[in-house]
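Worth knowing before you read on, the calculation uses all heavy atoms, side chains too, and leaves out hydrogens, waters and symmetry mates. Start at 1 with the first residue, then count along the sequence.
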Amino acid sequence: MDYNDVTTKTEDFCEVYRDAKEEKPCDYVEPRGRPVMMTAFTDASFASNKKTQRSHSGYVIFLNRAPILRYGKRQATVESSTFSSEFLALKVTVEAIQFLRFKLRSFGVPIMNEEAAYVYCNNQGVVKNTTKVESKMDKKHSAMAYHFVRYAVAAGMITIAWIRTGENLADVFTKRLTVAIRDYLFGNFTY
């Protein structure tokens, strides 16, 4: 799969999120060395906990092609839909990306062309709601995550794209998988 074919038009979001900009360290070191590209895969498994009906969030973040952060944890709330569950997982992923980009800049690591991090999600509804400026969110609980993620898109920090479920590397942190599927997914990013 070619992961470089992702485009989100951040200029479309400028009118809705006028003050959107990425926070950068004020006294950061002059960037040196080769620039890095950030890619993330995020997923949630809706109501996968049989006892509590809570969903599980997971992500894996790469610098260039090396996995550097991974996360898998049960969500704190019981969600009423896959959409809400996936949006909360995406919010956690964006928070980690924000932190990592800030830290890399503080250390003087250049980010490739100041590009947005590529984030891959296997829920088409979530992708459409974060890439199309005309979409609306009515649920207050999910709306906070919704606007947080869209703000990051408007700031040019992330760009979101859909990926097939069978290709989403974050599945290994959220779902019970067969040995064959798990080996296939781990084989895509481990040596």
Who are the side-chain contact (heavy atoms from CB on, under 4.5 Å) partners of [X], not counting sequence neighbours?
X: V127; result: C121, T131, I160, W162
X: A170; result: F41, D43, N168
X: F102; result: E23, P25, S106

Task: Residues forming a salt bridge (Lys or Arg N to Asp or Glu O under 4.0 Å) with R105, sequence neighbours excluded - done: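 In terms of salt bridge (Lys or Arg N to Asp or Glu O under 4.0 Å), with neighbours along the sequence ignored, R105 is linked to E22, E114.
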TODO: Verify the cluster assignment for F107 and I68: are they in a single hydrophobic cluster under the rule of side-chain heavy atoms below 4.5 Å apart?
DONE: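 Shared cluster, yes.
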TODO: Please assess I158 against V94 for the test side-chain contact (heavy atoms from CB on, under 4.5 Å), listing each intermediate value before the final yes or no.
DONE: CA-CA 8 Å; I158 63 167; V94 172; 3.5 Å; yes
With a 4.5 Å limit on heavy-atom distance, are the side chains of [X] and [Y] in contact?
X: L88; Y: V92; value: no
X: F62; Y: L169; value: yes
X: L100; Y: I61; value: yes
X: F148; Y: E95; value: yes
X: T130; Y: F87; value: yes
X: L63; Y: T39; value: no

- [ ] State the CE-CD1 distance between M157 and I111, to the nearest 0.5 angstrom.
- [x]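 Rounded to the nearest 0.5 Å, the CE-CD1 separation comes out at 10.0 Å.
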Task: N64 side chain to M37 backbone, donor-acceptor under 3.5 Å - done: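 Judged by distance alone, yes, a pair lies under 3.5 Å.
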Task: Any pair counted as salt bridge (Lys or Arg N to Asp or Glu O under 4.0 Å), so long as it reaches residues 149-163, sequence neighbours left out - done: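 Pairs touching residues 149-163 that pass the test: none.
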Open item on the list: List the residues meeting side-chain hydrogen bond (donor to acceptor under 3.5 Å, both in side chains) with T165, not counting sequence neighbours, and say none if there are none.
Closed with: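 Partners of T165 under the side-chain hydrogen bond (donor to acceptor under 3.5 Å, both in side chains) test: N122.
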- [ ] Please report the shortest heavy-atom distance between S85 and A44, naming the atom on each side.
- [x]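 Scanning both residues, the minimum pair turns out to be OG-CB, 3.3 Å.
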- [ ] For residues A117 and R101, report the shortest heavy-atom separation together with the two atoms involved.
- [x]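 A117 and R101 have their closest heavy atoms at N-NH1, 3.6 Å.
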- [ ] List the steps and the verdict of side-chain contact (heavy atoms from CB on, under 4.5 Å) for T159 and V119.
- [x] CA-CA 6 Å; T159 185; V119 180; over 6 Å; no
Task: Y151: ring pair (Phe, Tyr, Trp, His ring centres under 6.0 Å) partners, not counting sequence neighbours - done: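 With sequence neighbours excluded, Y151 shows a ring pair (Phe, Tyr, Trp, His ring centres under 6.0 Å) to no residue whatsoever.
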TODO: Output, in order, the C-alpha distance, side-chain angles, deciding distance and verdict of side-chain contact (heavy atoms from CB on, under 4.5 Å) for L104 and M38.
DONE: CA-CA 11 Å; L104 288 171; M38 197 176 300; 3.8 Å; yes
